[in-house]
Structure formats: C-alpha cells, structure tokens
Amino acid sequence: MLARELWRGDAARVRQALARRASDAPLEELIETDTRWRRVQAELEEAKAERNRGSKEVGKLLGAGRREEGEALRAQMAALGERIKGLEGEASALSARVAELELAIPNLPHESVPDGVDERSSRLERRWGEPPTFPFEARPHWDIGPELGIVDFERASTLAGARFAVLWGSGAALERALVAYMLDLHRRAGYREVYVPFLVKGACLVGTGQLPKFGEDLFKVEGTELYLVPTAEVPVTNLHRGEVLEEATLPRRYCAYTPCFRAEAGSYGRDVRGLIRQHQFDKVELVHLATPETSYAELEVLVAQAESVLQGLSLPYRVVTLAAGDMGFAAAKTYDVEVWLPGQGCYREISSCSNCEEFQARRADLRYRPAGGGKPRYLHTLNGSGLAVGRTLVAILENYQRADGSVDVPEALRPYLGGLERLLPEG
RNA sequence: GGAGAGGUGCUGGAGUGGUCGAACAGGGCUGCCUGCUAAGCAGUUGUACCGGGUUGACCGGUACCGGGGGUUCGAAUCCCCCCCUCUCCGCCA
C-alpha cells in the first residue's frame with residue numbers, strides 16, 4: 001500500500017511510476033473516489049459536532065426543568081440524526097471503496113530498476129561459476145530422477161494429479177538434507193530460524209500483497225477462512241503484525257522452512273515436465289525487517305546470502321535485476337538468482353530477492369520506534385528464497401550427472417546423508 | 001465438542017445512559033529539590049482520520065473502552081451477533 005500523501009500530493013509522479021510497470025491499476029478512480037469521500041466526511045463530521053453540542057444541551061435543559069425547550073431541541077437532534085445516518089452510509093461506502101482501490105495499487109519501482117515489462121529487459125549483475133561441460137549429452141532431471149528411482153511422477157499423479165511429485169529413498173533424503181543444509185547455513189550467518197503455521201488467515205495474505213488481487217493463485221481450505229501458504233514470506237513477514245519494534249532490534253533476519261502451495265492458475269502450458277513448477281514444493285525463505293535507511297544495504301546482504309547456498313553447493317548461477325514491469329506486486333526492487341540447468345541449457349530462477357520498502361509494512365502494520373524516541377514509523381520488509389528446494393534438487397541432478405546415469409552428491413550435503421557420495425539406481 | 005468466567009489507555013484497575021478520552025495507582029517524560037542514588041513535591045503523558053494552517057511546531061473537529069450491528073436527542077455503560085483469552089470436562093499426536 002502506498003502512502004496517501006504520495007498520490008494525493010504528487011499524482012503525476014505516481015502515474016509515471018505505475019506506467020513503468022505497465023500497470024492497469026485504478027489510480028484515477030482512487031483519486032476521484034478519495035476526493036468525494038473527503039468531501040462527504042467533512043460534512044458528516046460537521047453534522048456530528050452539531051449533534052454532540054445539541055445533545056449536551058438537551059440534557060441540561062431537561063435537567064433544569066425546561067421541558068418544552070428540551071423536547072424541541074430533542075426533536076431537532078432526532079432529525080439531524082437521520083441526516084447523519086444518510087451521510088454515514090455514503091461516507092462508509094466511499095471509504096470502503098477507497099480502501100479497496102488502495103489495495104489494488106502495486107508498489108512503485110525503485111529508481112535503480114531497469115525499464116521494461118519482461119525478462120528480456122532484466123539487467124545482468126554478475127555470474128558465478130562455470131557451467132559444466134559433459135563428454136555426453138546432458139539430460140534433463142525428469143529423465144535422470146525417475147531412472148534412478150528417486151523421483152516418481154506417475155504415482156504422484158495417482159495421488160493428487162498433475163504438478164506433484166513423489167520422492168523415494170535417497171531422493172526424499174536429499175530433499176530433507178537440502179532443507180537442513182540451508183537452514184544451518186543461514187543460522188551460522190546469524191539468521192534466526194522460525195517455524196510457522198502452513199495455513200494462514202486472509203489478512204496475512206493481504207498484508208504481503210497476495211490478496212485481494214491474486215486469490216486465484218492460492219489454495220483455500222474449504223469450510224474455513226484459512227489458506228495454504230504460497231511462500232513462507234507470508235507467515236514470517238506477518239509475525240510482527242500490529243507490533244512496534246525497537247530500532248535497536250533491527251535489522252532482524254529470519255529464516256524459515258515451509259512447504260509452499262500454489263494453484264498455478266494460468267500457467268497451464270508452462271513447465272509441464274519435471275519438478276520446476278509444482279503445486280507443492282519446499283522452500284527455505286529469508287526475511288529481513290529493516291529501517292528505511294538500511295533496507296537497500298540489507299537487500300544486498302539478502303541476495304548474497306541466497307547466493308552463498310549455491311556457492312556452497314558449487315552450482316553455477318547468475319544474478320539479474322528484474323525490470324520494472326516484471327516485478328511482483330509488492331516489490332520495489334527484485335534480484336533474481338538463476339541457476340544453470342545443463343539439461344535445459346539455460347539459467348532458471350531459483351531465488352527471488354525483493355525489497356518491498358514500506359508497502360507490506362503498511363498493509364500488515366509493521367512499525368518500529370526510532371532509537372531517539374518519537375512516533376513509530378513503518379519499517380521496510382525484504383524477502384528472498386534461500387532457496388527453492390525442489391529447484392535446487394533439479395540443479396544438483398542436472399549439474400552433477402554422470403555418463404552412466406548416476407549423480408554425484410555435492411560435498412556439502414554428504415554429512416547430511418550419512419556420507420553418501422553418489423546416487424545410484426535404487427528401488 | 002460441552003460448561004463457566006472475562007476482554008477498558010503503556011500496565012494494574014474503577015466506571016452500569018449525559019458533565020467519561022475515561023477515576024485512582026503504577027510506569028514514562030519535564031521541572032524543582034539533591035554531593036550522587038533513593039525518596040519527596042509540582043506538572044505532563046494515547047492513536048487514527050478530516051478540515052485549516054507558517055504543511056509533519058500549531059488550531060478546530062470526528063472517531064476509538066475486543067469486532068460488527070441495533071435502541072436512544074445522547075452508549076464504555078442497554079440489546080443482538082461474532083471473535084479472542086482463561087478455567088473445568090470430553091477427545092487427541
């Protein structure tokens with residue numbers, strides 16, 4: 001949510017920023033409705049002030065035994081009450097509409113974000129590692145996994161339909177090892193691990209920006225008001241909803257493992273094979289809460305932390321800055337970390353690290369009290385994957401594959417797998 | 001799931017139709033006093049929104065006593081619905 005002063009005071013600037021996003025947000029309707037609301041609100045409050053004065057007077061007159069005058073004024077106030085009721089209805093309808101429209105305006109892109117509306121306009125920041133060369137044709141993970149007997153799409157389909165996977169044996173263990181490895185790495189870097197609910201109220205999703213606009217991407221549990229989390233960003237960012245944190249406790253850096261559930265509406269044709277796009281996947285998430293002064297420095301810390309996971313696994317990757325029109329709803333600036341996938345001969349997103357500035361903080365009411373005292377201010381929220389576990393598994397299968405179909409286990413993971421050095425056909 | 005109790009400001013805790021944004025106490029802040037600390041004395045101390053303005057000094061107004069609706073000239077106070085917390089019972093990993 002944007003600060004109201006922003007579009008009330010400088011609509012042109014907001015209009016221009018939204019144009020960079022190629023956004024169809026209802027800014028003009030918002031401004032117009034807001035103007036009408038304020039007009040009615042002023043009228044309403046004036047009427048109420050009059051009634052408050054009159055009602056006090058009624059009490060006095062009746063108390064003083066001046067019955068006739070009191071009754072006359074009472075009747076007058078009753079009439080005024082009717083008018084107030086009408087204005088109230090009008091004002092609350094307009095105010096509700098303003099709130100609704102406000103929630104439909106995305107965050108404004110940071111000045112350092114490149115122009116453009118899709119990934120072709122992303123700006124390459126850096127590359128790390130060399131894509132491996134193979135003396136054979138590199139194969140995709142959807143062949144490698146099933147042949148080793150550790151990834152099973154057929155049985156997943158029997159259980160739940162398309163876009164699910166069953167992991168067997170060392171595949172399941174590898175998934176678990178990755179989660180543990182990532183969390184340990186983050187904890188050593190000073191992140192506080194947190195375990196959170198996998199079901200959340202709608203208010204949390206409004207807080208982070210998934211609702212009200214993107215409900216079709218979510219799974220809602222029938223008969224309840226709860227949603228399956230699409231990312232740990234939602235419960236973790238909402239942890240301090242309604243709180244005022246002391247500046248001395250910032251920045252806060254949290255990490256959390258959760259499964260993530262996404263309906264993937266509107267992505268029917270895309271990534272239909274393999275583990276890349278699933279209704280359910282594991283992810284370790286990083287969330288920072290920071291002051292406005294430090295949030296962009298924190299974004300660099302965050303993306304570096306995500307990168308350290310890939311470095312630890314010796315997986316080649318690159319970092320790009322997303323274009324203004326390619327970012328998520330809540331983000332002001334986003335770095336994508338893309339891992340090299342030999343089976344597909346391209347870099348694929350494995351982490352997305354964003355600074356949402358105060359956009360989510362306003363929605364979720366996350367504030368801090370400045371060190372010198374004074375009024376609470378909205379803090380800045382950041383989040384990033386560290387990393388998407390399923391896609392990391394994909395990257396390992398494809399980058400560590402061998403001619404005979406076996407797959408080496410990255411050194412860093414061996415302690416988590418009882419020293420296992422290589423994945424061989426099993427089952 | 002069943003029964004009971006309760007939700008008031010930073011905290012404890014009064015208030016059962018008007019003079020209550022809310023007694024009193026604690027805490028915080030300011031000043032006095034003080035060699036320092038403690039104690040004491042005096043004052044002060046919420047948030048959001050709307051309007052005005054020397055545009056975040058200030059002035060006026062409205063709202064807020066768990067949330068929503070109702071009764072009334074007027075609601076923290078009366079009525080209805082909902083949520084949450086606590087205690088006991090049941091069930092359960």
Side-chain angles (χ1 to χ4, degrees), chain A residues 1-11 13 30-103 195-207 221 223-227 238-249 291-293 358 361-379:
Chain A
M1 199 157 68
L2 304 178
R4 289 187 173 174
E5 305 87 77
L6 219 52
W7 45 266
R8 276 182 188 163
D10 196 353
R13 195 183 127 208
L30 172 61
I31 291 171
E32 187 205 332
T33 310
D34 177 63
T35 304
R36 284 170 56 203
W37 169 66
R38 284 195 284 171
R39 211 161 45 222
V40 173
Q41 183 69 13
E43 200 180 332
L44 169 66
E45 289 184 1
E46 201 180 317
K48 281 186 168 180
E50 192 185 336
R51 182 178 65 181
N52 286 346
R53 284 191 300 269
S55 290
K56 245 176 223 178
E57 193 61 24
V58 168
K60 274 186 202 160
L61 290 171
L62 294 180
R66 294 159 71 179
R67 179 162 226 89
E68 240 172 71
E69 287 169 83
E71 290 299 336
L73 190 55
R74 178 198 290 205
Q76 210 176 312
M77 289 305 110
L80 185 57
E82 289 307 306
R83 175 150 168 268
I84 286 171
K85 211 172 264 185
L87 286 169
E88 254 170 357
E90 211 178 319
S92 74
L94 285 167
S95 157
R97 182 64 185 148
V98 167
E100 194 181 324
L101 289 164
E102 242 180 339
L103 289 177
Y195 176 88
V196 292
F198 301 160
L199 295 168
V200 293
K201 298 176 185 175
C204 291
L205 291 148
V206 173
V221 180
T224 74
E225 286 307 309
L226 296 172
Y227 296 81
N238 278 282
L239 276 173
H240 297 294
R241 156 181 294 280
E243 293 183 34
V244 179
L245 306 175
E246 292 301 327
E247 180 171 354
T249 68
T291 62
E293 289 74 21
E358 61 174 46
R362 283 182 175 278
R363 292 173 163 242
D365 190 21
L366 304 169
R367 295 178 296 167
Y368 74 97
R369 191 172 303 281
K375 292 201 174 196
R377 301 169 66 197
Y378 288 112
L379 47 77

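Each chain gets a letter, A, B and so on, in the order the sequences are listed, and its residues count up from 1.
Under 4.0 Å is where a charged nitrogen must lie from a carboxylate oxygen, and between A/E88 and A/K85 no such pair does. Checked for salt-bridge contact, A/K48 and A/E45 miss the test: no charged N lies under 4.0 Å from a carboxylate O. The existence of a salt bridge linking A/R377 and A/E293 is confirmed by a sub-4.0 Å separation between a basic side-chain nitrogen and an acidic carboxylate oxygen.
Judged by Watson-Crick or G-U wobble contacts below 3.5 Å, the nucleotide B/G1 has B/C89 as its partner. Using the Watson-Crick or G-U wobble rule with both distances under 3.5 Å, B/G31 pairs with B/C41. Under the Watson-Crick or G-U wobble criterion, with both distances below 3.5 Å, B/U19 has no partner in any strand shown. With a cut-off of 3.5 Å on both Watson-Crick or G-U wobble distances, the partner of B/A76 is given as none. B/G26 is paired with B/C10 under the criterion used here, namely a Watson-Crick or G-U wobble arrangement in which both key atom distances are under 3.5 Å. Using the Watson-Crick or G-U wobble rule with both distances under 3.5 Å, B/G51 pairs with B/C59.
Closest approach to the A/Q41 side chain among B/A48, B/C50, B/C73 is made by B/C50 (side chain taken as heavy atoms from C-beta onward). Listed candidates were B/U62, B/C73, B/C50. Nearest to the side chain of A/K48 is B/U62. Taking every side-chain heavy atom of A/K375 into account, B/A48 is the closest of B/A48, B/C50, B/U62. Of all nucleotides listed (B/A48, B/U62, B/C50), B/C50 comes nearest to the side chain of A/R4. The nucleotide whose nearest atom lies closest to any side-chain atom of A/V58 is, among B/C49, B/G51, B/C73, B/C73. Comparing atom distances between the A/A42 side chain and each of B/C50, B/U71, B/G56 picks out B/C50 as nearest.
Remark: A/R241 CZ is packed, more than 12 non-hydrogen atoms of other residues, nucleotides or ligands lying under 6.0 Å away.
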(Q) Let's go through A/R39 and A/E90 carefully: what are the C-alpha distance in whole Å and the side-chain angles of both, what is the deciding distance for salt bridge (Lys or Arg N to Asp or Glu O under 4.0 Å) to 0.1 Å, and is it a yes or a no? (A) CA-CA 11 Å; A/R39 211 161 45 222; A/E90 211 178 319; over 6 Å; no
**Q.** Criterion side chain to side chain contact (heavy atoms under 4.5 Å, CB included) on A/W37 and A/R97, from CA distance to verdict
**A.** CA-CA 9 Å; A/W37 169 66; A/R97 182 64 185 148; over 6 Å; no
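Taking CG of A/L30 as the reference point, atom CD of A/E100 lies at 11.0 Å (rounded to 0.5 Å). One finds the CZ atom of A/R4 at 6.5 Å from the CG atom of A/D34 (value rounded to the nearest 0.5 Å). Going from atom CG of A/L62 over to atom CZ of A/R67 covers 6.5 Å, rounded to the nearest 0.5 Å.
Nucleotides B/G61 and B/A3 have their C1' atoms positioned 48 Å apart, rounded to a whole Å. B/U45 and B/G51: their C1' atoms are spaced 26 Å apart (whole Å). B/G27 and B/G35: their P atoms are spaced 24 Å apart (whole Å). Taking atom P in both B/G74 and B/U62, the straight-line distance is 15 Å, to the nearest Å. Taking atom P on both B/A63 and B/G70, the two are 16 Å apart, rounded to the nearest angstrom. Here the separation of B/U44 from B/C24, taken at their P atoms, is 12 Å to the nearest Å. One P atom belongs to B/G66, the other to B/G28, and the distance between them is 27 Å to the nearest Å. For the P atom pair drawn from B/C29 and B/A38, the interatomic distance equals 11 Å after rounding to whole Å.
Less than 4.0 Å separates RNA chain B from at least one heavy atom of each of the following residues of residues 50-57 of chain A: A/R51, A/N52, A/S55.
Atom CD in A/E102 sits about 11 Å away from atom P in B/C49, given to the nearest Å. At whole-Å resolution of the value, CD in A/E243 and C1' in B/C10 are 15 Å apart. Across the protein-nucleic acid pair, A/K60 atom NZ and B/G17 atom C1' stand 17 Å apart, rounded to whole Å. For A/R377 and B/A48, the CZ to P distance is 14 Å, given to the nearest whole Å. A/I84 has its CD1 atom 13 Å from the C1' atom of B/U72, to the nearest Å. Whole-Å rounding puts the A/R36 CZ to B/C50 P distance at 17 Å. Separating the CG atom of A/L87 from the P atom of B/C50 is a distance of 17 Å, rounded to the nearest angstrom. Rounded to an integer number of Å, the gap from OH of A/Y378 to C1' of B/U47 is 11 Å.
A donor-acceptor pair under 3.5 Å is formed between the side chain of A/R363 and the backbone N or O of A/L103.
The 5' end of RNA chain B is approached more closely, in terms of each residue's nearest nucleotide, by A/L62 than by the other of A/E45 and A/L62. Between A/P376 and A/D34, the residue whose closest nucleotide on RNA chain B is further toward the 5' end is A/P376.
For A/R74 and B/G74, the shortest distance from a side-chain N or O to OP1 or OP2 is not below 4.0 Å. Phosphate contact (OP1/OP2 of B/C50, side-chain N/O of A/R8, threshold under 4.0 Å): present.
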